[in-house]
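A quick write-up on the structure given underneath.
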Amino acid sequence: MLSKLMGHSEEIAALILFGIGFTNLLLNRNMMKKIIGFSMMDSAIYLFLASYGYIDGRVAPIIEDASAPLEVSAYVNPLPAGLVLTGIVVSVSVTAIMLALTLRLYKRYHTLDIDAIAILAREADPE
Amino acid sequence: MKFWQNLPFLLIWTPMLLSGVTAALKPRWALRMALFVPLAGTLGSAALLLECLRAGGSFLYPLGEFGAPMGNELRAGPAEALLALTFCAILFLSVLGGYQRIVAQIEERRRGLYCVMVLLLQAGLMAQVFTNDVFTAYVFIEIMTIAAGALVLARNRGRALFGATRYMIMNLLGSGLFLLGIAVLYCLTGELLMEDIHDKLVSLRTAGSYARPITLSVALVTVGLAVKSALYPFHTWLPDAYASATPSSSAMLSSLVSKAYIFLYIKFVLRVWGLGLFRETHMQAVLLVFSFLGILLGSIDAVLEKRLRRMIAYSSVAQIGYIYLGVALGTRVGVAAALFHTIAHALAKALLFISGDRLIGASDGESGFHELRGAGYRAPLSGAAFTVGACSIVGIPLLGGFASKLYLTRACLAMSAANAAVAVIVLAVSTALNATYFLTTVITIYQKPEREYGARLSHPPLSTAALAAFALLILALGVIARPAMDVIARGVDLLI
Amino acid sequence: MARIDWRRWIEEGGDALDRDMRTFQAITEAPEERDPFELPHPRERLTYARFHRWSHSKGERILKVIYFSLSVLICLGLSALLISTALDLPQFGADAELIDNDISTFYVEEGLRHTGAMNIITGIILDFRGFDTLGESHVLFVAACTVLMLLRLPGGDDPESQLARRRAEAFDRHFEPRGDVILANCVRVLAPLLIVFGAYILLNGHLSPGGGFSGGTVLGAGLILYLCAFGFARTGRFFNFKVFRAVTSGALAFYALSKGYVFITGANGIENGLGPGVYGRILSGGLLMPLSVAVGLVVGCTMYALYALFRKGDL
Amino acid sequence: MEALSTLLLLFILVSAVAVSLVKDLLSAIILFMAQSTAMAVVWILLRSPDLAITEAAVGSGITTLLIFVTLKKLHAIHTQKEVENRDGKD
């Protein structure tokens with residue numbers, strides 16, 4: 001059991017992190033905490049994905065000498081890293097939007113508490 | 001490769017290219033761009049549909065020299081082309097029909113950006129329709145999520161900001177679950193292309209290995225897309241976002257964005273998992289329960305609602321339940337019925353949001369039902385259009401909604417006797433509820449008004465023509481239901 | 001009430017339409033739609049006070065307990081469920097034959113020969129899977145547009161928007177350091193270094209780790225640092241909204257056009273005339289380096305613009 | 001190597017729990033930043049230098065910076081509101 005857990009240590013850490021981030025995004029009432037939770041959730045998925053590209057004893061997929069004969073089994077799988085690179089930029093864009101929304105909501109309602117914002121928004125504008 | 005086979009790529013690429021240009025234009029030219037590009041998309045996808053029907057098959061379009069599975073790939077067939085045509089046409093008509101409200105409700109400095117969002121939304125929609133690669137689907141889901149959120153929050157109103165916030169939070173949760181789902185799929189199969197994942201999953205299943213992770217990935221993708229398309233228990237963000245946005249945005253969100261997610265889900269069911277795996281993981285049964293709940297409770301919510309736009313929003317919850325019901329049957333006939341209902345509902349809901357807003361506009365901006373009395377006389381064309389949309393959703397014969405409900409019921413009858421009985425009862429009850437709230441509304445708008453109303457708004461003739469076009473399309477869908485269904489059925493067969 | 005003349009609309013075209021729209025706008029503008037960044041309405045303030053009182057009462061504490069226990073339950077449950085299934089997955093780090101398949105071998109084998117990129121990841125994201133990256137740079141673009149929509153202050157000459165702008169500037173100046181000698185001297189050394197480093201990462205993306213995204217971010221960070229030390233007056237000289245719009249639109253258009261060219265020629269089997277070049281040279285890899293630069297410009301400008309928008313609502 | 005990676009993962013998890021529990025937003029952000037930096041090192045251990053550079057620049061750089069600036073703005077708005085309330089009372 002323990003060896004199995006150790007063998008999956010990266011995934012387990014990633015999935016716990018996913019759980020924490022998900023919970024923060026769903027249930028934390030503070031908008032800033034929600035945003036941080038979202039960032040954590042996304043980086044957890046990237047950790048999960050990239051850990052599968054890794055293969056023990058291989059090096060990063062950057063060819064140093066183009067003239068040397070190519071040894072395919074010397075490099076880790078490059079595709080997950082490419083996907084994660086795409087994902088990281090997506091998550092920073094979304095974070096920026098959520099922060100801007102938070103700023104606007106705070107300017108209008110003077111609170112970061114999403115429940116309070118809900119009450120205020122409904123009272124000020126019933127439709 | 002023939003020239004017309006470049007059309008799917010051009011349909012995605014042109015709006016993307018022009019969005020950057022639109023950002024640099026003055027607002028009124030940007031608005032024209034937001035009308036022109038969806039119109040061009042409509043023509044392009046119509047040509048694609050015709051050519052696909054003539055060629056009688058589907059084709060793959062590799063992006064780059066190597067194509068799949070090394071690079072990305074697009075896939076187009078009759079079903080995809082029909083969906084693309086519907087989406088582009090509705091996008092164009094929504095912008096045109098809500099033109100006056102966009103100008104009135106969105107400040108000039110934001111209007112140009114609003115048009116950029118419309119174009120990027122179109123690119124995202126087309127990419128969802130045509131993509132054959134799950135990670136590309138994720139990237140374009142994010143574009144669509146953000147663009148749709150921006151369409152809601154473009155209106156400078158506290159309620160719209162709040163609606164957009166809830167929308168974004170729930171949609172980000174959905175994207176996260178979806179991404180984790182495809183990450184698990186990738187870890188299991190090492191592929192990102194839909195067919196290749198399917199092949200690997202089939203061989204894994206016959207070997208009997210990794211049964212639990214496969215179920216997990218199916219569940220994650222299902223829940224993720226269900227949250228994003230507002231299936232019943234995950235629909236809480238929907239009324240706030242739909243009711244507070246400008247009517248064009250509400251129309252686009254309800255009839256395009258959620259439908260694109262549903263089409264993506266259908267592609268997952270048919271092309272990634274296959275109907276066999278979909279049934280085996282019991283996700284089908286779960287979806288069946290959710291869709292029943294959605295159909296009933298969404299309708300009840302709509303009956304209890306006292307304001308027109310929120311009522312239309314809640315009716316969307318019920319209708320999305322119908323579509324998921326078709327998918328959850330797990331048969332080709334069911335999926336075809338679901339696609340037909342997607343199209344019928346998308347047309348009717350966009351029309352309802354736009355004409356409903358005009359009726360409200362003709363009643364001094366009050367959306368309570370007692371204030372709407374006589375709105376049908378004050379805005380006769382909008383009243384007539386609203387009536388057509390409402391009748392289509394209730395399922396009056398000759399209209400699109402009737403045919404789709406008929407096909408759906410027929411597909412339900414193929415289930416085991418007990419299930420079929422439950423399904424038919426649910427459909428009957430919900431049709432009765434639909435009739436209660438929609439026909440009451442129609443009657444209300446033709447009642448004698450209680451008081452005098454102020455000056456009513458006039459609308460540019462072209463945008464009134466958009467309403468008429470919607471109504472005609474709904475009628476046409478009802479009349480040519482049989483050929484349309486044939487096209488869809490052929491498309492579904494080709495999807496598998 | 002302005003009446004619409006159908007014929008005039010057709011005869012005079014779009015200008016008449018726009019004029020009429022403006023008249024409608026004056027009529028249909030709801031009162032709440034104006035007042036962009038004002039303090040809440042008195043009635044809202046009253047509600048807020050009421051909520052505040054309630055929030056310190058008992059109801060709040062109960063709600064807090066419910067939220068907390070629900071979070072712990074969901075977090076533990078979700079994690080446990082995910083982990084229990086993840087244990088069935090192929091083991092991490094092992095030579096898993098499922099994921100180390102023909103595709104990844106193909107990338108390593110053919111990546112260099114086909115794209116000319118020593119860094120295979122750059123080859124993947126800019127060439128093989130270039131469509132994803134095209135989508136991704138549009139995600140950044142759509143994010144920048146949304147933040148502009150949300151935070152950019154009205155640019156008009158009317159007193160209200162002028163007041164809003166002045167107020168934003170005053171508050172920004174009040175809360176940011178001015179004339180800080182230590183910061184300014186550090187930045188004089190650091191900012192050029194950062195920008196050179198960013199450019200290096202950007203230009204060498206196909207030869208070493210890095211590429212458009214990381215390089216662009218470092219460039220943006222250099223600009224932001226410069227802004228922190230010397231204020232908007234200095235950066236405004238070379239970077240304003242027009243520059244931002246021109247650079248972003250131009251780079252995105254170049255990116256979309258070149259990818260469109262490559263995809264269409266590739267799909268139709270036309271030779272595109274872009275060879276990999278001499279491996280390891282800076283000017284190798286066909287379009288990789290220009291594409292990296294375009295992405296880097298978009299990313300750098302967007303990062304700087306986001307920061308500036310957050311600080312004072314304009315560039 | 002194994003020990004370092006386990007340690008970093010533990011640190012990431014602990015800081016994630018701490019971010020959710022801590023009351024003060026500034027501390028939460030600093031913890032988040034530290035977590036991001038640890039993640040960059042994990043990327044290096046996973047043989048993905050591209051990701052490490054991007055994570056260091058984006059995760060612990062720009063994202064944290066944006067959160068900081070938002071927090072600062074919120075603080076500024078808060079102060080502004082108090083000033084205006086006081087002026088209103090006088």
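Remember, it's a predicted structure, so these values are computed and weren't measured experimentally. Below, chain A is the first sequence line, B the second, and so on; all start at residue 1.
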Requested in this report: Name the member of B:L177, B:V139, B:I182 that forms the most heavy-atom pairs with chain A at distances under 4.5 Å.
Outcome: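 The residue among B:L177, B:V139, B:I182 with the greatest pair count is B:L177.
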Interatomic spacing from [atom1] in [X] to [atom2] in [Y] - rounded to 0.5 Å:
X      : Y      : atom1 : atom2 : value
B:L180 : A:F48  : CG    : CZ    : 6.0 Å
B:L161 : A:I117 : CG    : CD1   : 9.5 Å
A:R104 : B:T165 : CZ    : OG1   : 10.0 Å

**Report entry** Residue pair B:F162 / A:A118: nearest heavy atoms and the distance that separates them
**Finding:**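 Nearest pair, atom of B:F162 first, then A:A118: CZ-CB, 3.4 Å.
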Report task. Dump the intermediate steps for side chain to side chain contact (heavy atoms under 4.5 Å, CB included) on A:T86 and B:Y138, then the final yes or no. Result -> CA-CA 10 Å; A:T86 309; B:Y138 167 72; over 6 Å; no
For [X], is it the side chain, the backbone, both, or neither that has a heavy atom closer than 4.5 Å to a heavy atom of chain B?
X     : value
A:F22 : both
A:L83 : both
A:L25 : both
A:I35 : neither

Requested in this report: Sequence neighbours left out, what passes side-chain hydrogen bond (donor to acceptor under 3.5 Å, both in side chains) with B:Y242? Give chain and number order.
Outcome: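 For B:Y242 there are no side-chain hydrogen bond (donor to acceptor under 3.5 Å, both in side chains) partners, ignoring immediate neighbours.
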Report task. Measure B:I143 against the heavy atoms of chain A and call it side chain, backbone, both or neither at under 4.5 Å. Result ->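 For B:I143, there is no contact with chain A at all, as no heavy atom is under 4.5 Å.
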Query raised in the report: Is there a side chain to side chain contact (heavy atoms under 4.5 Å, CB included) between B:L192 and A:L79 once you walk through the steps?
Result: CA-CA 10 Å; B:L192 288 169; A:L79 185 56; 4.0 Å; yes
Would you tabulate the side-chain donor-acceptor contacts of residues 168-176 of chain B under 3.5 Å, counting partners in other chains and residues two or more places apart, or write 'none'?
{"residue": "B:N171", "atom": "ND2", "partner": "B:Y167", "partner atom": "O", "Å": "2.8"}
{"residue": "B:S175", "atom": "OG", "partner": "B:E142", "partner atom": "OE2", "Å": "3.3"}
{"residue": "B:S175", "atom": "OG", "partner": "B:N171", "partner atom": "O", "Å": "2.9"}
{"residue": "B:S175", "atom": "OG", "partner": "B:K228", "partner atom": "NZ", "Å": "2.8"}

